[in-house]
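Here's the structure we're looking at; comments come further down.
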Amino acid sequence: QVQLVESGGDSVQPGGSLRLSCVASGDTYVSSCMGWFRQAPGKEREGVATIDTFGKTSYADSVKGRFTISRDNTKNTLYLQMNNLKPEDTAMYYCATKDGSWARYCFSQRPQEFGAWGQGTQVTVSS
């Protein structure tokens with residue numbers, strides 16, 4: 001159905017910024033709930049932010065005020081603007097989507113509710 005490819009990850013100093021992109025292919029993207037997740041070594045995958053088809057967003061407490069999720073339906077692209085990055089933001093970042101009945105619960109960031117995943121892009125924040 002949907003194929004997702006992330007990009008934009010890099011190594012930056014604390015306080016720096018990055019913008020991640022996720023390009024989606026497939027006719028289900030526009031109607032899908034989209035989200036960003038991250039996973040650091042030795043830790044479980046955690047939700048970062050989600051955005052529904054109407055542009056309503058939800059953020060994890062750890063990134064509120066620093067990260068912004070957005071989407072461009074014309075380009076079939078999901079974005080994550082990350083500002084004031086901290087060392088604890090270091091992780092592999094993944095984009096994901098959930099469709100059908102699960103999409104109505106876009107505010108929920110449980111990984112098992114998302115059916116399609118990208119391969120990830122690495123973000124490293126260090127001095």
Side-chain angles (χ1 to χ4, degrees):
Q1 291 182 324
V2 178
Q3 292 76 48
L4 306 171
V5 180
E6 304 96 332
S7 63
D10 206 347
S11 296
V12 298
Q13 294 183 332
S17 298
L18 285 174
R19 191 189 193 195
L20 306 183
S21 299
C22 174
V23 179
S25 61
D27 58 4
T28 63
Y29 177 74
V30 176
S31 61
S32 297
C33 165
M34 301 293 297
W36 286 98
F37 292 77
R38 65 186 182 186
Q39 187 167 22
K43 294 186 176 182
E44 294 186 347
R45 188 167 299 186
E46 64 174 353
V48 175
T50 60
I51 183 168
D52 68 11
T53 57
F54 302 101
K56 184 178 180 180
T57 58
S58 180
Y59 296 92
D61 289 340
S62 60
V63 306
K64 286 182 178 178
R66 299 188 298 119
F67 290 10
T68 302
I69 187 172
S70 62
R71 63 193 297 172
D72 185 334
N73 292 332
T74 301
K75 298 180 179 180
N76 291 325
T77 303
L78 178 73
Y79 302 99
L80 184 67
Q81 178 66 46
M82 304 184 293
N83 297 325
N84 192 25
L85 284 162
K86 304 176 180 180
E88 51 263 44
D89 294 319
T90 296
M92 184 73 74
Y93 283 72
Y94 303 88
C95 66
T97 183
K98 55 180 172 181
D99 302 292
S101 59
W102 285 117
R104 61 175 42 174
Y105 305 109
C106 193
F107 61 89
S108 176
Q109 298 178 9
R110 299 197 302 171
Q112 62 265 39
E113 296 175 359
F114 290 76
W117 295 84
Q119 63 180 356
T121 184
Q122 180 68 41
V123 172
T124 301
V125 185
S126 65
S127 299

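Not measured: the values here are computed from a predicted model. Any value given below was found using the heavy atoms of this structure, including those in side chains, with hydrogens, waters and symmetry copies removed.
We find the SG-CZ distance between C33 and R71 to be 8.0 Å, quoted to the nearest 0.5 Å. Annotation: the span from I51 atom CD1 to S70 atom OG amounts to 6.5 Å, rounded to 0.5 Å. S58 contributes atom OG, which lies 7.0 Å from atom NZ of K64 (distance to the nearest 0.5 angstrom). Atom CG in N83 sits 6.5 Å away from atom OG1 in T68 (nearest 0.5 Å).
At distances below 3.5 Å, not a single donor-acceptor pair connects side-chain atoms of R104 with backbone N or O atoms of G100. Side-chain atoms of T90 come within 3.5 Å of backbone atoms of V125 as a donor-acceptor pair (strictly under, hydrogens ignored). At least one donor-acceptor pair closer than 3.5 Å links the side chain of D52 to the backbone N or O of G55.
Of the candidates I69, V48, L80, L78, C95 forms a side-chain contact (heavy atoms from CB on, under 4.5 Å) with just one, namely L78.
Remark: R19 qualifies as a cation-pi partner of Y79 under the 6.0 Å distance and 45° angle criteria applied to the six-membered ring.
Between the side chains of T77 and D72, not a single donor N or O lies within less than 3.5 Å of an accepting N or O.
For the pair T121/Y94, no side-chain contact is recorded, criterion being any heavy-atom separation below 4.5 Å from C-beta on. Proximity of E46 to F37: side-chain heavy atoms (C-beta onward) are nowhere separated by under 4.5 Å. Annotation: side chain of S127 is in contact with side chain of P14 (closest heavy-atom distance under 4.5 Å). S21 places a side-chain heavy atom less than 4.5 Å from the side chain of S7. E6 has its side chain within reach of W36: a pair of non-hydrogen atoms, C-beta onward, lies under 4.5 Å apart. Q81 is listed as a side-chain neighbour of S17, based on a closest heavy-atom distance under 4.5 Å. Taking 4.5 Å as the limit, some side-chain heavy atom of M82 sits within range of a side-chain heavy atom of Y93.
In terms of hydrophobic clustering, with Ile, Leu, Val, Met, Phe, Trp and Tyr side chains grouped at heavy-atom distances under 4.5 Å, F114 and M92 are assigned to a common cluster. Hydrophobic clustering keeps W117 apart from V23 (ILVMFWY residues linked when any side-chain heavy atoms are closer than 4.5 Å, directly or through intermediates).
Applying the 6.0 Å contact sphere to CD of E44 captures no more than 12 heavy atoms from other residues, nucleotides or ligands. Heavy atoms from other residues, nucleotides or ligands lying under 6.0 Å from CD of Q13 number 12 at most.
At a threshold of 4.0 Å, the pair D89-K86 does not count as salt-bridged, since none of the basic side-chain nitrogens sits closer than that to a carboxylate oxygen.
The two residues K43 and Q39 come nearest to each other via the heavy atoms O-NE2, 3.1 Å. Contact between A103 and K98 at its shortest, heavy atoms only, is CB-O, 3.7 Å. Counting all heavy atoms, side chain and backbone alike, A24 lies closest to V2 at CB-CG1, 4.3 Å. Between F67 and R38, the closest heavy-atom pair is CE2-NH1, 4.1 Å.
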Practice task
Show your reasoning for whether side-chain contact (heavy atoms from CB on, under 4.5 Å) applies to T50 and Y59.
Solution key: CA-CA 7 Å; T50 60; Y59 296 92; over 6 Å; no
Problem - Test log, rule side-chain contact (heavy atoms from CB on, under 4.5 Å), inputs Q119 and L4 - result: CA-CA 8 Å; Q119 63 180 356; L4 306 171; over 6 Å; no
Problem - Chi angles and distances behind the side-chain contact (heavy atoms from CB on, under 4.5 Å) call for L85, L18 - result: CA-CA 8 Å; L85 284 162; L18 285 174; 4.1 Å; yes
